[in-house]
Novice: 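Would you mind keeping the following structure in view while I ask a few things?
Naming: A, B, ... by sequence-line order, numbering from 1 per chain.
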Amino acid sequence: MLVKTEGPPNARIFLVGEAPGADENLLGRPFVSHAGKVLDSLLSYAGINRLDCLVGNVAREQPPGNKIEFFFEDSKCTKPKTLMLKYVNMLQQEIIQYNPNIVVGLGATALWALTGMRGIQSFRGYVQECTLVPGKKVLCTYHPAAVSRDWSLQFPAVMDLRKALRNSDTPDIPKDTRALRCNPSKREFIQYLQWLTFDWKDPIALDIETKANCHIDILGLAHSPNNAISFEILSGGRPKYEPREELEIWYWLSRALEVRPSIMHNGLFDACVLWLRNRVLTKTIFADTLIGAHVCWPEHPRSLGFLSSICLNVPAWKHQQTLTPTLYNAADAANTYGVWEVLSEELDRQKIRHTFDFEMSQVFPAGMLQLQGISVDKESQNDLLNSPKQDDLGRVIGIRPRLSLLTNEINRILNKNVNLNSPKQLQQVLYTDLGLPEQYRRRASINDPRKVTADSEALQKLSKINDNPALTMILEWKKLDKLQQFVDVTTSPEGKVHTSYNITGATMQREAKGLVVDDENDYRSFGRWSSSKSIILPFGSGNLQNVPRAARKIYRSPTGYSFISADYIQAEAVVVAYIINDLQLIRMFEDSFGKSRQYRKENNLDVHRITASQLFGIPIDKVTPDQRQVGKTLRHANNYSAGPGVLAAKLGIGMKEAKYLMNLYHQRNPMLRIWHQKVQNELRSTKILYNLLGRKHQFTERWSDELFRSAYSYIPQSTVGDLLNMSLVKIYNNYGDRIDIALQLHDAVYVIVPDHLISWAMQVMRECMLHPLQVNGMDFKIDIDFSIGPSWGEMEEVEYTDYVKSNLPVLPN
DNA sequence: GATTTTACGTA
DNA sequence: CGTACGTAAAATCT
């Protein structure tokens with residue numbers, strides 16, 4: 001059945017979808033199916049009444065199998081068939097006839113029909129001119145069916161519709177009033193920098209483009225959202241100016257950045273490059289739009305293109321990058337300025353500027369950590385990799401010789417050469433050649449399909465039911481092969497490795513086609529830093545927060561210096577105890593605060609022993625090590641609402657026993673379930689939670705157990721993350737000249753200090769780290785433990801009180 | 001050649 | 001039915 005456009009003929013907004021589905025076909029009306037319901041909900045969030053709009057589709061009848069490709073010659077939908085051309089023509093006539101103020105295209109097909117463009121992700125959210133009916137205003141966004149499939153698209157779709165509503169008052173296409181000046185002469189550019197330095201009083205936006213090895217290619221500056229200038233430093237990868245001339249540019253840029261606060265998008269990168277390559281110090285990063293977006297909308301994409309599409313009324317420009325790089329760069333700078341103005345208001349509206357200021361304070365320490373790097377000891381590295389020495393059991397120690405020995409042995413037993421890194425080949429060996437029972441991966445949800453796996457958990461299980469020696473050898477090989485990746489790392493000419501600490505969490509940048517692009521996928525980011533490969537100094541294994549213990553020995557402090565680590569003790573457990581008001585645990589944490597490990601042990605001040613004693617109803621000093629282990633695993637599993645299957649696997653017991661233990665645990669600790677219920681209630685209205693330091697997170701997942709589990713972990717995890725970062729900033733700001741911060745590991749900070757400063761450093765670090773937290777009307781602090789060692793891998797626990805005798809920090813000469 | 005899947009390291 | 005993160009290699013898609 002042909003589906004006609006419907007709605008008031010004098011409507012200001014014309015909503016255009018793709019093609020009718022089954023329900024539409026049946027009723028002869030557009031958007032009446034599930035996608036129609038989603039559309040209604042998106043419109044209502046945007047403040048639009050569907051009855052005020054014209055609603056229709058590009059294609060007027062349902063394609064077989066709902067496949068839009070039906071209307072095209074090719075699978076990429078670039079060459080329309082005659083039928084499709086007829087429909088596009090009909091749409092054109094309708095737009096002319098009804099003459100709405102704005103046409104809103106829903107989905108890729110509508111975008112193509114209205115503007116001739118491809119790629120809804122790149123061009124959604126921008127007000128542009130319709131090519132189908134020249135002079136007509138168009139804005140495209142995601143199709144409701146796409147939103148329904150991927151809920152994370154809801155936010156941009158609603159923001160786009162709001163923009164469409166704002167633009168529906170008049171048919172005028174907003175004029176782009178920006179003055180984007182490209183390629184000024186060197187003289188003009190320097191005059192501009194001087195003008196910024198002496199005559200301009202407001203912040204300036206800055207953006208750099210870089211070529212190979214992060215050398216600055218183009219420099220963009222803006223002094224308002226409407227005024228930007230872009231200047232080329234390199235041409236075809238070669239300097240355009242004599243060193244003396246270039247120096248003049250850097251000098252005046254430094255002068256400008258010394259007095260003008262700067263606005264940047266991911267300024268940590270720009271500031272690091274400016275300092276490393278050109279010794280230009282960005283003295284005041286006044287505002288960072290990446291950080292602003294992370295604080296305002298942590299769950300959403302935050303590339304500059306996306307933010308501009310949400311916040312501004314400018315045309316899409318990201319596609320200009322290759323052809324007109326300076327224009328692109330100037331637009332980057334101007335739009336950064338514009339986005340910041342919107343974000344700044346949003347920070348106040350949401351009352352979360354304190355979180356923004358806190359994240360901004362982390363920029364310099366994080367940048368310093370990236371540029372400084374950490375030294376690799378070649379001798380330890382070589383030893384670990386190649387040592388021919390043997391251990392007590394006569395096995396070679398070196399990773400490489402051990403690996404090749406194992407490979408030979410495994411191939412001999414299996415009687416074929418197997419690539420053990422290939423899950424496919426390994427499955428073939430295990431389940432076909434050896435005929436072992438298939439093992440399945442644990443599912444995220446009971447509804448997910450079962451999948452065969454050959455991971456280490458599967459191998460472990462198989463090795464218990466089958467005595468083929470190859471199984472344990474494969475396990476050892478896999479472990480060692482992984483370890484090798486962390487030990488066999490390339491270092492910089494200075495013998496260092498570097499990592500990029502990302503304040504805004506989940507990876508923002510990834511290399512593709514030699515360009516740095518923003519990743520528009522998963523955005524969770526609970527406020528903890530992530531660590532990834534530094535694009536500026538790409539040496540080492542990248543992420544330094546997941547280096548295995550066994551590989552840490554290669555990171556050694558210079559002679560006369562030591563590593564000190566300070567880690568929060570049982571940090572998440574402490575937070576949970578106070579939140580759920582577990583009085584017994586709270587008392588235990590208070591009794592053990594500031595006490596030595598020995599004291600804690602002698603007085604049974606141990607979470608897991610307490611759990612076991614509650615569980616088995618026995619006195620705390622009668623708890624056996626096995627019972628303590630049960631207590632530990634159970635607490636862990638329950639804190640994050642794991643299922644009995646996991647517990648059964650971890651403790652090596654049956655499902656029935658596991659269920660019994662879990663029930664018993666909850667009977668003895670009813671507060672946990674009550675708190676979980678409370679979290680669910682808080683989620684119900686807005687899906688917003690706050691951690692103990694006032695960091696806000698709005699969850700986007702649909703109402704499900706997965707959402708709950710994610711939410712239960714949010715408060716303790718992000719509180720501890722923020723706490724550690726707060727401490728790290730304090731250590732950097734107050735003592736950064738003497739204490740070299742080396743690593744950030746979520747709940748621990750590692751520093752390198754001269755040996756004679758060890759006791760002083762421990763004292764001031766402790767002072768920086770014991771920050772009070774509040775919950776349920778209680779004040780509390782999370783205690784810290786220290787370790788010291790000559791390398792990251794050889795740290796020994798030490799007692800604070802053994803090192804620090806006085807109460808006042810005294811700096812030795 | 002680009003993208004997705006599988007696996008695995010840390011807190 | 002722990003969550004959070006990043007990277008490498010294989011498998012798969014186009």
Novice: For the residue pair A/Tyr712 and A/Trp675, does the interplanar ring angle fall in the parallel (under 30°), tilted (30 to 60°) or perpendicular (over 60°) class?
Specialist: tilted
Novice: Taking both distances under 3.5 Å as the test for a Watson-Crick or G-U pair, what stems of at least three pairs does DNA chain C have?
Specialist: B:1-11 with C:3-13
Novice: Could you give the CG-to-C1' distance, from A/Leu672 to C/dG2, as a whole number of Å?
Specialist: 12 Å
Novice: Measure the CG-CG distance between A/Leu773 and A/Leu692 for me, rounded to the nearest 0.5 Å.
Specialist: 6.0 Å
Novice: Among B/dA11, B/dA7, C/dT7, which nucleotide has an atom closest to any side-chain atom of A/Arg528?
Specialist: B/dA11
Novice: So, is A/Ser456 close to the B/dC8 phosphate, meaning a side-chain N or O under 4.0 Å from OP1 or OP2?
Specialist: yes
Novice: Which nucleotide in the list B/dA11, C/dT3, B/dC8 gets nearest to the side chain of A/Arg552?
Specialist: B/dA11
Novice: Just say parallel, tilted or perpendicular for the rings of A/Tyr555 and A/Trp792, cut-offs at 30° and 60°.
Specialist: tilted
Novice: Would you say the ring centers of A/Phe72 and A/Trp112 fall short of 6.0 Å from each other?
Specialist: yes
Novice: Below 6.0 angstrom between ring centroids: does that apply to A/Phe708 and A/His676?
Specialist: no
Novice: Taking the six-membered ring for Trp, are A/His300 and A/Phe306 ring centroids under 6.0 Å apart?
Specialist: no
Novice: Does B/dT6 have its OP1 or OP2 closer than 4.0 Å to a side-chain nitrogen or oxygen of A/Arg441?
Specialist: yes
Novice: Starting at CZ of A/Arg549 and ending at C1' of B/dT10, how long is that distance when rounded to a whole Å?
Specialist: 9 Å
Novice: Under 30°, 30 to 60°, or over 60°: which ring-plane class applies to A/Phe155 and A/Trp297, parallel, tilted or perpendicular?
Specialist: tilted
Novice: Output one letter per nucleotide in nucleotides 9-14 of chain C: B when a protein non-hydrogen atom lies under 4.0 Å from the base, S when only the sugar-phosphate is that close, - when neither is.
Specialist: -SSS--
